[in-house]
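Structure first, then comments.
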Amino acid sequence: MHRRSTRKLLSDAIQLLLHHHLKPRKSIEECKQIHAKLIRSNQTPLQIHIFNILLNFYSQCNDLCSARRVFDQMPHKNVVSWTSLISSYALHGFLRTSVALFTEMLESTVKPNTHTFSFMIHECTTSCLSVLGIQIHCLVIKFGFEKDEFLGSALVDFYLKVWNNMDEAFRVFDGLWRRDRVTWNVLISGLADVSDVGEVLRLFREMRVADELRPNDYTLTSLLKCCSLIIEVDQIHGLAMKYGMESDVVVGSGLVDMYGKCGKLDTGRKVFDSMEVKDIFSWSSIIASYVRNGSPEQAVTLFLHMCRQGVKPDQHVLSSVLRACAEAGNLESGIQVHAQMIKNAYQADCFVGSALMSIYANAKELGSVEKLFRRIENKDIVAWNCILMCYAQKEELATFYSISLFRELCQTSTVRPDMATLVALIASCQSVLDLAVGIQIHGLIMKRRVGCETSIGNAVIIMYSNCGSIIDAYKAFDDIVNKDEISWSSIIGSHLQNGFELEAVNICKEMLAEGIYLTSFSLPLCIAASAKLAAIDLGKQFHSFFVKLGLEGDTFVGSSIVDMYAKCGNVEASQKAFKELQEPNVVSFNTMISGFARQGNAAKAIELYGEMEKMGIVPNGVTFLALLSGCSHMGLVENSLAFFNIMCQKYNIEPEPEHFACLVDVLGRAGRLEEAYCIIENDGSVLAWKTLLSACRNYENTKLAEKCATKVMQLDPTDHSSYVLLSNLYSREGKWKEASKLRQKLVNVGGKKNLGSSWLM
DNA sequence: TTAGGGTTAG
């Protein structure tokens, strides 16, 4: 072929490259045509150049086989041909083939140049090939390329990222012929990654003074990573404005992120709004900022806005917005984001999966949590801890599930349990039945010598308290080296939970003597202890702490004061404390309604319920229990029936045994025994049947009493009271035979009448 | 040929 036609082929190949993005499918065909002509052509130096263009072209079109064919068909190959194919294989994920080809090249007549070595070192960095990187560095020295600035930048990056070896990185850096902005940026970025702020600032100054180089967007990004104070972020922001990089998508996103982390959400938002180009990083940064700064609703709104703009969510933004849904307690949005997660195929992602798990865990959807956990591919310790915390909240067999999963973690995963794992594991022990397991887990904690750690020790205190072992709880408290306010409130709470109110108050005094202040956690516990002891003077002292500590805005603590006064019998003081609550919630209302009910003032209780409804506060099961108990004490049958219906029908609340018992009590006292029987016929509990049974005794309705007693005996055969009650009824009616039979039956099932006792004896 | 940013629990 003539020289002219080769030139034509070259111009065709260049045209091909230029127009490829316009008509990709057509250009592959054109490429094949040029390729065919080229094979038939004579050899000219230009030919290698055209072959190289075609090789790169096929590679860009993801047709590696054709790229390889071009390479194999080349009569002569140069360094560009070799380097192109080596990089093509690596970029398409065929790292071994790429390295094999590099080795083959070393044995060929064509020698690698600085481009080839730069690429290979870069590959060693991204794929973390630590030993191969050093071997290639030796070759670089052998070939005399070590002073090259391009290759040097790649080597500095390699030593910092793969080996974390600053000395070697500096050695390469100092030996370079000249340093450009990239070389400086590589070094600064590597040091910023290990948070060597002093060194980063020194280099930043030196770069500007010694080499007279202006910082660019990469430099500012590294500097931003080192910021820990708002003033530093402001300074970088100033530099970005000075050099016109404020609206650069990467620098801008970095600023948005850092302002969010420093709590200056508004400034971050201004930067975000000023950015002309926003990518998924920018959206992710601003959304995470809203979550971090306590505005989860706005984070969710922004996420929806982002989706509407056609930006495809990725795993980062999904996990941020899921955290927002969790914090806003918004299960519905969580489900919507779950749909986006499935749509964008992030089900196997550990971060997204864990964030979603906590949403379903809060909603008590344990089955969904389990499914999500199983779908995560590379589970990290956070994912494991998340499901363990979830199992710890199970109502039944929590220890069984938790221990099985912990065993699975230890036996099947390379992930190592951490402190949070042990905390989650021990939190699964919730009752005296779990004490044996709890002791074993505590043994594991002792073996690892982490019992003295505050977070673990606090969890151990709570475990022993839940399992009823207060002495061990105190020992665990004693073992903690640095007791925090949670340690103190846990041990105070433990004593209160196990009926040691006086000791709880004494420990509180000890805490105050140690110079630890009462907090919104420990104070309500002490107030509750005063209430239990009916010690109003003590309660008043704690009330004064409430004022002194400025906790008046805390509804939780405020409600405990309302409860304390009511339980101590001073309803007026209770009412006053209730009126002083700044933002009463359902708990506060329940406390006050219970206070009135306990006092026998059903009218006031009902009136307060009306106020609560007017304020738009939704009542719960506890509210209705208080109302029913108030009405039942006063014999208000119709009111009781009305509240029971409102609860079930208007608020869709499933009645608990206590609700039934109250209703049966009031009906029973009014002699409406059959009516009570009808209500509990299908779903009554032992408590309701026992209540009805005693009503039957009062009205001497032996027929119905027999039915009730049979039910109680079925539900709890060891309960003595049903046998005794019925037997007394039989005796009263002169049915001595039946009475005696029943007493014998009681002896047979092993039931024993509890002996009475009196505080006065 | 070489350099950069955002995410999960307690």
In whole Å, what is the span from the [atom1] atom of [X] to the [atom2] atom of [N]?
| X | N | atom1 | atom2 | answer |
| --- | --- | --- | --- | --- |
| Asp279(A) | dT7(B) | CG | C1' | 15 Å |
| Gln340(A) | dT7(B) | CD | P | 20 Å |
| His316(A) | dG5(B) | NE2 | P | 11 Å |
| Phe173(A) | dT2(B) | CZ | P | 18 Å |
| Arg292(A) | dT8(B) | CZ | C1' | 12 Å |
| Asp217(A) | dG4(B) | CG | P | 12 Å |
| Phe272(A) | dG6(B) | CZ | P | 16 Å |
| Leu255(A) | dG6(B) | CG | C1' | 13 Å |

Which part of the nucleic acid does [X] contact within heavy-atom distance under 4.0 Å: base, sugar-phosphate only, or nothing?
| X | result |
| --- | --- |
| Asn113(A) | nothing |
| Phe119(A) | nothing |
| Asp148(A) | nothing |
| Val186(A) | sugar-phosphate |
| Val249(A) | base |
| Asn458(A) | nothing |
| Ile287(A) | nothing |
| Arg179(A) | nothing |
| Asn385(A) | base |
| Ser320(A) | sugar-phosphate |

Measuring from the side chain of [X] (C-beta onward, heavy atoms only), which nucleotide among [options] has the closest atom?
| X | options | answer |
| --- | --- | --- |
| Val382(A) | dG10(B), dA9(B), dG6(B) | dA9(B) |
| His115(A) | dT2(B), dT1(B), dT8(B) | dT1(B) |
| Phe150(A) | dT7(B), dT2(B), dG4(B) | dT2(B) |
| Ser189(A) | dT1(B), dG10(B), dG4(B) | dG4(B) |
| Asn185(A) | dG6(B), dA9(B), dA3(B) | dA3(B) |
| Phe281(A) | dG10(B), dG6(B), dA3(B) | dG6(B) |
| Ser153(A) | dT2(B), dA9(B), dT7(B) | dT2(B) |
| Ile280(A) | dT7(B), dG6(B), dT2(B) | dG6(B) |
| Tyr218(A) | dT8(B), dG4(B), dG6(B) | dG4(B) |
| Val250(A) | dT1(B), dA9(B), dG4(B) | dG4(B) |

With rounding to the nearest 0.5 angstrom, report the CZ to OG1 distance, Phe119(A) to Thr114(A).
14.0 Å
Can a donor-acceptor pair under 3.5 Å be found between the side-chain atoms of [X] and the base atoms of [N]?
| X | N | result |
| --- | --- | --- |
| Ser118(A) | dT1(B) | yes |
| Ser319(A) | dT7(B) | yes |
| Asp314(A) | dG6(B) | yes |
| Ser253(A) | dG5(B) | yes |

Say whether Asn56(A) and Gln60(A), considering side chains only, have a donor N or O and an acceptor N or O under 3.5 Å apart.
no
Would you check if there is a donor-acceptor pair between the side chains of Ser282(A) and Asp279(A) at a distance under 3.5 Å?
yes
Lys/Arg-Asp/Glu bridge criterion (N-O < 4.0 Å) met for [X], [Y]:
| X | Y | result |
| --- | --- | --- |
| Arg269(A) | Asp273(A) | yes |
| Lys161(A) | Glu168(A) | no |
| Arg171(A) | Asp167(A) | no |
| Arg208(A) | Glu212(A) | no |

[N] OP1/OP2 closer than 4.0 Å to side-chain N/O of [X]:
| X | N | value |
| --- | --- | --- |
| His122(A) | dA3(B) | yes |
| Lys225(A) | dG4(B) | no |
| Lys161(A) | dG4(B) | yes |
| Arg181(A) | dT2(B) | no |

Mutual orientation of the aromatic rings belonging to Phe143(A) and Phe145(A) [parallel < 30°, tilted 30-60°, perpendicular > 60°]:
parallel
